[in-house]
**Student:** 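Quick one: the structure is below, and I'll ask about it shortly.
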Protein chains: 2
Amino acid sequence: MGFAETFKALSDPVRRDILVLLKRGRLSAGEIGSHFDMTGATISYHLNILKKAELVFENREKNFIYYELNTSVVEEVMLWLAELKGEKEYVEDK
Amino acid sequence: MGFAETFKALSDPVRRDILVLLKRGRLSAGEIGSHFDMTGATISYHLNILKKAELVFENREKNFIYYELNTSVVEEVMLWLAELKGEKEYVEDK
DNA sequence: TTGGTATTTAGAAATATTTCTAAATACTAT
DNA sequence: ATAGTATTTAGAAATATTTCTAAATACCAA
């Protein structure tokens, strides 16, 4: 949790692109990096931010670290937006 | 449109708080400012970012500028997230 | 153990963001 | 026209973010 972290993570185009890549399935850090014109170190930096925001989780295997999309946090963000929009289920008189 | 701008706008806690305030209805810049411990200039800066992202629109009246939530852009962001999550309606083989 | 591949960490440079103060603009009312 | 209130704009300082290079860690294979 922590919407601040999550929205911040979503605010960078590289990180959103990474998430879109992961939509098709898990990828290693190297495979992710190969889609961008940046060093592995920079990709690692972005992956770390996504991980802290719990938008992805990692899975170590052999010599690789695989990253996977965490859709449950995506869903939490959608709920926040739905409430902002005034979805009936979440509007509470206060 | 322009998700970069929109997500960036949503990434700041002050701006998210402003949007939540506006959920209840339109407010003038001054009324918005009174909820925060910041100068009017800073609030104006944030309102401008929200305006550029089309998350709010303004309405000039008398001596005041009223700001109002634009829920349609909130909805577009939700669609982007829904697609990321893999909602059936938006998944397209590519 | 030695060497190789995958990835991260550290530190620094460039850029962007947030905030302030002071000044400017815009509109109202007298 | 003048004075007053509401808000924005400009410019500067503080802080945060993004990116790189170089070095470190982790793991595998021979």
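Being a predicted model, the structure only gives us computed values, none of them experimental. Labels below follow one simple rule: chain letters A, B, ... track the order of the sequence lines, proteins then strands, and each chain is numbered from 1.
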**Student:** Examine C:dC20: is either OP1 or OP2 under 4.0 Å from a nitrogen or oxygen in the side chain of B:Thr39? Give yes or no.
**Tutor:** yes
**Student:** Give a yes/no answer on whether the side chain of A:Lys62 brings an N or O atom under 4.0 Å of OP1 or OP2 in C:dT5.
**Tutor:** no
**Student:** Under the side-chain contact (heavy atoms from CB on, under 4.5 Å) criterion, do A:Lys23 and B:Glu83 qualify, and how do the steps go?
**Tutor:** CA-CA 9 Å; A:Lys23 187 182 153 187; B:Glu83 181 162 357; 3.5 Å; yes
**Student:** Mind checking salt bridge (charged side-chain N to carboxylate O under 4.0 Å, His left out) for A:Glu75 and listing every partner two or more places apart, or none if nothing turns up?
**Tutor:** B:Lys85
**Student:** Is the phosphate of C:dT19, meaning OP1 or OP2, less than 4.0 Å from a side-chain N or O of B:His46?
**Tutor:** yes
**Student:** Rounding to an integer number of Å, can you tell me how far A:Lys8 NZ sits from D:dA16 P?
**Tutor:** 9 Å
**Student:** Figure out the CD1/C1' separation between A:Ile18 and D:dT18, and round it to whole Å.
**Tutor:** 13 Å
**Student:** Check the distance between D:dT17's P and B:Asp12's CG and give it to me in whole angstrom.
**Tutor:** 11 Å
**Student:** If you link ILVMFWY side chains whenever their heavy atoms are less than 4.5 Å apart, which other residues fall into the same cluster as B:Ile49? By chain and number, please.
**Tutor:** B:Tyr45
**Student:** Scan nucleotides 4-11 of chain D nucleotide by nucleotide, 5' to 3', and note B when protein non-hydrogen atoms come under 4.0 Å of the base, S if they reach only the sugar-phosphate, - if neither.
**Tutor:** BBSSBB--
**Student:** Would you tabulate the side-chain donor-acceptor contacts of residues 8-19 of chain A under 3.5 Å, counting partners in other chains and residues two or more places apart, or write 'none'?
**Tutor:**
{"unit_1": "A:Ser11", "atom_1": "OG", "unit_2": "A:Lys8", "atom_2": "O", "d": "2.7"}
{"unit_1": "A:Asp12", "atom_1": "OD2", "unit_2": "A:Val14", "atom_2": "N", "d": "2.8"}
{"unit_1": "A:Asp12", "atom_1": "OD2", "unit_2": "A:Arg15", "atom_2": "N", "d": "3.2"}
{"unit_1": "A:Arg15", "atom_1": "NE", "unit_2": "A:Ala9", "atom_2": "O", "d": "2.8"}
{"unit_1": "A:Arg15", "atom_1": "NH1", "unit_2": "A:His46", "atom_2": "ND1", "d": "3.1"}
{"unit_1": "A:Arg15", "atom_1": "NH2", "unit_2": "A:Lys8", "atom_2": "O", "d": "3.1"}
{"unit_1": "A:Arg16", "atom_1": "NH1", "unit_2": "A:Leu10", "atom_2": "O", "d": "2.7"}
{"unit_1": "A:Arg16", "atom_1": "NH1", "unit_2": "A:Ser11", "atom_2": "O", "d": "3.3"}

**Student:** Send over the distance from A:Met38 CE to D:dT21 P, rounded to a whole Å.
**Tutor:** 12 Å
**Student:** State which residues pass ring-ring contact (aromatic ring centres under 6.0 Å, His included) with A:Phe7; sequence neighbours excluded, sorted by chain then number.
**Tutor:** A:Trp80
**Student:** Among residues at least two apart in sequence or on other chains, which ones pass side-chain hydrogen bond (donor to acceptor under 3.5 Å, both in side chains) with B:Glu68?
**Tutor:** none
